[in-house]
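Notes follow the structure.
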Protein chains: 2
Amino acid sequence: MELNERKLKILEAIISNYLDTAEPVGSRTISKNYDLGISPATIRNEMSDLEELGFIMQPHTSAGRIPSDKGYRLYVDMILSAKYDSPKHLSYVEALLNKAGRIETLLQDIVSVLAKETNLTAIVSTPQYSKCKIKNIQLIELESQKVLAVIVTDGNMANNYVLEINEDMDQRMLNKLSFILNNQLHGLNVEEINLPLIEKIKAFAGNQDEIIGKVLEVVFQAVHNNEDTEIYTSGAINMLRLPEFSDLEKATSIMETLDKKDYIRQLLLNDFDGESIETDGVKIKIGSENNNEDMKDCSLITTTYHIGGKPLGVIGLIGPKRMDYQSAILSLRCLIKEIEKRMNDS
Amino acid sequence: MELNERKLKILEAIISNYLDTAEPVGSRTISKNYDLGISPATIRNEMSDLEELGFIMQPHTSAGRIPSDKGYRLYVDMILSAKYDSPKHLSYVEALLNKAGRIETLLQDIVSVLAKETNLTAIVSTPQYSKCKIKNIQLIELESQKVLAVIVTDGNMANNYVLEINEDMDQRMLNKLSFILNNQLHGLNVEEINLPLIEKIKAFAGNQDEIIGKVLEVVFQAVHNNEDTEIYTSGAINMLRLPEFSDLEKATSIMETLDKKDYIRQLLLNDFDGESIETDGVKIKIGSENNNEDMKDCSLITTTYHIGGKPLGVIGLIGPKRMDYQSAILSLRCLIKEIEKRMNDS
DNA sequence: GTTAGCACTCATTTGTGTGGAGTGCTAACA
DNA sequence: TGTTAGCACTCCACACAAATGAGTGCTAAC
C-alpha cells in the first residue's frame, strides 16, 4: 500500500486540525471542514490505511486520530523543503542588534524576544569560546595581589576573570604585560594556545611570568571545560499554558527538564558538527527523536549562527510537537539572517 | 479574652502540624500527637477562642483549623526574637566564596546553592551600581571606532560597555585616557559623578574628549536607570511540587510572578531603606503583607548584604507561607555572615 | 473548668447511568 | 472496483447520587 495523493491530503488535514485543537480528529470533522469531496466513510477507510502505514494513531478505540511522530516528520519535511514564504522583517530584532553591547546581553535579549513572539521556549548557546579568535587581552589592577583579565574575542564577547597572583603590580606594569600578550595572541583561535606558545610568551615577559602563566592557564581551563559555552533560556513558562501539559505531573516534569542547563546544552550541541548544510541550517527533532523521555511530547527546532564563516553557536525553539512549525521555522530563519548580517560586519 | 500560655501552646501545635502536613488540623490530632494533657473537647473550646482572636481560621465548617496570617506573624516573631541555635557552617558556600571570580557569577552560584538547600525560591539583587565606589576604569580597543569600557567597582564587580566613537584609537592612546579617568574617578561613588566633574575631566583630556564624554555618559545612564541592579533567581520550580500549588492555575500564576524580574526587583528593594537594624537584618513578609494578590500564599524572607559597611543588595527566599521559617532564617543568617566576611576583606 | 456524647456539616470519594463522538463492518450502489 | 449509507459497538466524559469520614459545636454530666 502506498501513500497516494488523497491519503496525503487527509493526513495534512488531520495534522492541521490537530495543531489547532489539540483534540483527536474524526472522519466527520475532516469531511465537513476540508473540501475533499469524499464522505466520512471513505475517509475512515483511508484513515485506517494511514494508521496501518504508521502516520497516525488512535489514543483509544472510538476516538479520532492524532499524528504519530512519523506523521509529523513527513509534514515537517514538506515544510522544510518548501520555498520560503514572505520573509518577515523583524524590526525589534534589528533594534536590538543596532544597540551596541556585549554579545551575552544581546543573546539574552534575542532569546527573550523570540520566546515572546513565538510563545515557545527559546534557547541559545553563546559562541563556543574555544573556537573564537582572540581580539584583545587586557589586565586590570584590582587590589593587592588581584588582577582582572578581560579577554575579548570575535563578536566582541568579553570574558572577565579574577586572577590571584603573588605579587603587587600597578596598572602601568599590567599595560606592558597586556601589550606582550596581545602581540603574541591576537588573531589566534582560543584553542590554538598550546604549551610551546606559552613557554615562548613567558620568555618575553621575563620575571613577570607568573601572571602571564595565570592568564594562559585561565584561557586553557575555559577551553578544556566542556562548559565553554553558556546557555540562555526564555519562555519556559509558555509550556504551562498548553493543554498537553495540563496534567501537573507532566508540567512539572517538562519545567524541570527545561531548567537543566547541562541537559539543554547537550541537546543543543548534540549533533552540532559544524557543517550542517541541511535545509537552510534548520534542524528539527520531533518527540522521541530527541531520545529523551521528558522530551517525547516536544519538538526542538535549531539553527546555527556563524561568525566569520564559522558556526559558533546554536539558537533553538522548544515547543509541543503540536506547535506551529511553519511560523517557528520562519521566525528562526529570519532571525538568523539578521544576526549574521550584524555579527559579520562588526 | 487574652492569649494565655495554653492557647499559645495549642497555636504552636496547630502551626507546627500544618507546616508538616499542609492539611487543616483538628482537635483530635493535637490531643493525640502533642502531650498537652487535655482532651479534644477542651482543645476545641480553646480553638474556638483562637479563631475569635484571629490567629487561626477554618477553610469551611467541619474542617480543621489552619493558621491565619496573624497566626503566622506571631509564630515568626517568636522565632525571630529567639536566640540563634547552632549556627551551621556552610562549607559549600565557603568553597564558592574562596573561588576567585566576578561577583555576578558568585551571586548566581550562591542563589543556586541556597535554593537547592532550602527547596525554596532564592533571589538576590546585585549591588546597587549607583552606590558603589569606582575602583578602576579601563578602555579596551575593539575595532575601528569601537571601544570596550570596563568599569570595576567595590567587590570586584566588573561592568562592560561597548562604546561607539567617531575616531580610531589605538590601545596606547586608550591607556592614556584610562589613566586620566582613573585619576579623576577612583574612589568616588558612581552616583557622585556630576556635570562640573565631567567638564573638569574633559578639559584634561584635551581633544580626546569625545570618548571621555561617552564613558561618563554610560556611567550616568546606568545610575539613572532604575535597573541599576540585576536580579538573579533560582529554584522557582520548587514551588511546583508543593501541595498549595497543586492547582495548575495557581501553579502557573506563581511561576509567572516569579518570572517577572521587575516585580521581584521591586519586591526585594521595596523597603530597602538602607538601615534595617531589625533582628539581625532578617525581614519577613507573610502572605497578604506583600500587598500582592499573586503572593498571598507566599512568604518572603529577606536580608541585606553590606560592602564596606554600606548595604548594597538584598538576598531573599520566597516560599509558601507554610515553609520551614526556622531553617530558612538560619540558612539566610549564616549565609550572609559568610558573604560579608568575604566581601569586606577583599 | 473539663470532658463524653451526640447531632450536624460538608468536602471527598465511589459508584452508576447517560450522552456523544467516533469507529469498523456490511451491504447496497454507481 | 471504489464509494457511501446504515448500524451496532466501544469507550470516554460528565453529571448526579450515595456513602464515607473528619471535624465541629453544643449540651449535660462530672
Side-chain angles (χ1 to χ4, degrees), chain A residues 1-11 13-15 17-18 20-68 243-244 246-248, chain B residues 1-11 13-15 17-18 20-53 55-68 243-244 246-248 250:
Chain A
M1 181 176 21
E2 98 257 24
L3 190 66
N4 59 28
E5 187 162 349
R6 191 169 74 179
K7 282 190 175 57
L8 197 61
K9 270 195 179 145
I10 293 176
L11 179 59
I14 292 173
I15 295 180
N17 197 277
Y18 186 67
D20 277 354
T21 65
E23 297 289 335
V25 187
S27 53
R28 228 175 85 84
T29 312
I30 294 180
S31 169
K32 250 192 306 184
N33 301 340
Y34 298 81
D35 203 17
L36 300 179
I38 43 180
S39 76
T42 310
I43 294 175
R44 277 205 289 284
N45 288 331
E46 297 287 45
M47 281 164 92
S48 179
D49 290 352
L50 281 170
E51 183 160 7
E52 204 176 316
L53 288 166
F55 293 111
I56 54 178
M57 51 200 256
Q58 262 182 310
H60 57 84
T61 28
S62 88
R65 303 305 212 291
I66 61 173
S68 67
E244 22 271 278
S246 66
D247 173 30
L248 191 69
Chain B
M1 180 179 17
E2 99 255 23
L3 190 65
N4 59 28
E5 189 163 346
R6 191 169 74 179
K7 283 191 174 57
L8 197 61
K9 270 195 177 146
I10 292 176
L11 179 59
I14 292 172
I15 295 181
N17 197 276
Y18 186 69
D20 278 355
T21 64
E23 296 289 334
V25 187
S27 54
R28 226 174 86 85
T29 312
I30 294 180
S31 168
K32 249 193 306 183
N33 301 340
Y34 299 82
D35 202 17
L36 300 179
I38 43 180
S39 75
T42 311
I43 294 175
R44 277 206 288 285
N45 288 331
E46 297 286 46
M47 281 164 93
S48 179
D49 289 353
L50 281 170
E51 182 160 9
E52 203 175 318
L53 288 166
F55 293 112
I56 55 178
M57 53 200 255
Q58 262 182 311
H60 57 84
T61 30
S62 89
R65 305 305 212 290
I66 61 173
S68 67
E244 22 272 278
S246 65
D247 173 29
L248 191 69
K250 277 189 187 163

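Per chain, numbering begins at 1; letters A, B, ... match sequence-line order. The basis for the numbers below is simple: all heavy atoms, side chains too, and nothing from hydrogens, waters or symmetry mates.
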Legend entry - Separation of D:dT24 P from B:I10 CD1 (nearest whole Å): 12 Å
Legend entry - Mate of D:dC30 where both pairing distances stay under 3.5 Å, Watson-Crick or G-U: C:dG1
Inset, instruction - For D:dT4, take OP1 and OP2 only and decide whether either is under 4.0 Å from a side-chain N or O of A:T42. - result: yes
Inset, instruction - Look at B:R65 and D:dG25 and indicate whether a side-chain polar atom (N or O) is within less than 4.0 Å of OP1 or OP2. - result: yes
Inset, instruction - Take atom NZ of B:K7 and atom C1' of C:dG1, then tell me their distance rounded to the nearest Å. - result: 12 Å
Inset, instruction - Would you state whether a donor and an acceptor, one from the side chain of B:R44 and one from the base of D:dG25, lie under 3.5 Å apart? - result: yes
Inset, instruction - Using a strict cut-off of less than 4.0 Å between a Lys/Arg side-chain nitrogen and an Asp/Glu carboxylate oxygen, indicate whether B:K250 and B:E244 qualify as a salt bridge. - result: no
Inset, instruction - In whole angstrom, give the distance that lies between atom CD1 of A:I30 and atom P of C:dA21. - result: 16 Å
Legend entry - A:M47, nearest nucleotide to its side chain (from D:dT24, C:dT3, C:dT23): C:dT23
Legend entry - Any side-chain heavy-atom pair of A:R6 and A:L36 under 4.5 Å: no
Inset, instruction - Report yes if at least one side-chain N or O of A:R28 is closer than 4.0 Å to OP1 or OP2 of D:dA5; otherwise report no. - result: no
Inset, instruction - Over all heavy atoms of both residues, which pair between A:P67 and A:Y18 is shortest? Give the atoms and the distance, please. - result: CD-CD2, 3.5 Å
Inset, instruction - Classify the nucleic acid contact of A:A41 as base, sugar-phosphate or nothing, counting any heavy atom under 4.0 Å across all strands shown. - result: base
Inset, instruction - May I have the distance from B:L36 (atom CG) to C:dT3 (atom P), rounded to whole angstrom? - result: 11 Å
Legend entry - B:S31 side chain vs B:S27 backbone, donor-acceptor pair below 3.5 Å: no
Inset, instruction - Tell me whether the OP1 or OP2 atom of C:dC8 has a side-chain N or O from B:T61 closer than 4.0 Å. - result: no
Inset, instruction - Return the value, rounded to whole Å, for the distance between atom CG of B:N45 and atom C1' of D:dT24. - result: 11 Å
Legend entry - Nearest-angstrom distance from the residue atom CD1 of B:I43 to C1' of D:dG23: 13 Å
Inset, instruction - Can you tell me the distance, in whole Å, between the OH atom of A:Y18 and the C1' atom of C:dG22? - result: 16 Å
Inset, instruction - In whole angstrom, give the distance that lies between atom CZ of A:R6 and atom P of D:dG2. - result: 10 Å
Legend entry - B:S62 side-chain N/O to D:dA22 phosphate OP1/OP2 under 4.0 Å: no
Inset, instruction - Check whether any side-chain heavy atom of A:L50 sits under 4.5 Å from a side-chain heavy atom of A:R65, and report yes or no. - result: no
Inset, instruction - Name the pairing partner of C:dA21, where a pair is Watson-Crick or G-U wobble with both distances under 3.5 Å, or state none. - result: D:dT10
